[in-house]
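These notes concern the structure reproduced below.
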Amino acid sequence: MAHHKAADSKREQFRRYLEKSGVLDTLTKVLVALYEEPEKPSSALDFLKHHLGASAPESPEVEALRLEVAEMKEKYEAVLEENKKLKSKLAQYEPPQEEKRDE
């Protein structure tokens, strides 16, 4: 009987640990989301993995990379716009090119 009480005590400690760290709350939310899903996904496990992965906080490295990608996209758009303007200016100084007759 003493062994049974020790096991119960360990289970209770573990349950409190999961509750305190937010694991139980997060799992409950994901399971409720799955339950409320109008069309159940073919893989409940994939659903859980996806939703648990999405709720995890991003590491500083991932956040830094996201910011870098956003900056690069802005620079890319600016370069495209500049290229468009330069092509337009160049077209003013070059005579229109005739179609190649070699083809």
Side-chain angles (χ1 to χ4, degrees):
M1 180 112 184
H3 178 61
H4 184 66
K5 279 192 173 197
D8 283 349
S9 175
K10 276 190 162 188
R11 277 194 207 113
E12 183 59 26
Q13 286 176 346
F14 186 66
R15 188 196 63 74
R16 282 196 304 265
Y17 162 73
L18 292 176
E19 188 174 351
K20 189 175 183 180
S21 62
V23 172
L24 292 179
D25 189 45
T26 301
L27 282 174
T28 301
K29 287 178 183 177
V30 173
L31 289 171
V32 167
L34 177 60
Y35 176 79
E36 292 176 346
E37 194 66 27
E39 292 184 28
K40 301 296 182 240
S42 59
S43 172
L45 185 57
D46 287 344
F47 181 92
L48 294 174
K49 286 179 183 178
H50 173 75
H51 283 77
L52 286 173
S55 65
E58 288 188 343
S59 69
E61 294 85 14
V62 172
E63 189 175 335
L65 288 172
R66 284 190 194 281
L67 288 172
E68 186 176 347
V69 167
E71 289 173 12
M72 292 296 154
K73 283 182 179 179
E74 286 179 22
K75 287 180 182 179
Y76 172 74
E77 293 298 326
V79 167
L80 284 179
E81 187 62 33
E82 181 183 17
N83 189 10
K84 185 177 173 183
K85 288 177 183 177
L86 290 173
K87 282 183 178 180
S88 176
K89 280 185 179 181
L90 183 62
Q92 294 173 4
Y93 298 106
E94 289 185 344
Q97 293 182 357
E98 295 181 22
E99 290 184 23
K100 293 182 183 175
R101 296 181 185 176
D102 298 340
E103 295 179 8

Below 4.5 Å, heavy atoms only, C-beta onward: do L27 and L52 meet side chain to side chain? yes
Salt bridge check: are E37 and K40 linked by an N-O gap of less than 4.0 Å? no
Distance col, row K84:NZ vs L86:CG, nearest 0.5 angstrom, shows 12.5 Å
Quick check: does any side chain N or O of T28 sit under 3.5 Å from a backbone N or O of L24, one acting as donor and the other as acceptor? yes
Roughly how far, to the nearest 0.5 Å, is CG of L65 from CE of M72? 11.0 Å
E68, CD: over 12 other non-hydrogen atoms inside 6.0 angstrom: no
E19/R15 salt bridge by N-O under 4.0 Å criterion: yes
More than 12 heavy atoms of other residues, nucleotides or ligands under 6.0 Å from CD of E39: yes or no? no
Under 4.0 Å between a Lys/Arg side-chain N and an Asp/Glu carboxylate O for K75 and E71? no
Between F47 and V30, the two heavy atoms sitting closest are CE2-O, 3.8 Å
Rounded to the nearest 0.5 Å, how far does OG1 of T26 lie from CG of L31? 11.0 Å
dist K85:NZ -> E82:CD (nearest 0.5 Å) comes out at 8.5 Å
Residue pair R11 / D8, side-chain heavy-atom distance below 4.5 Å: yes
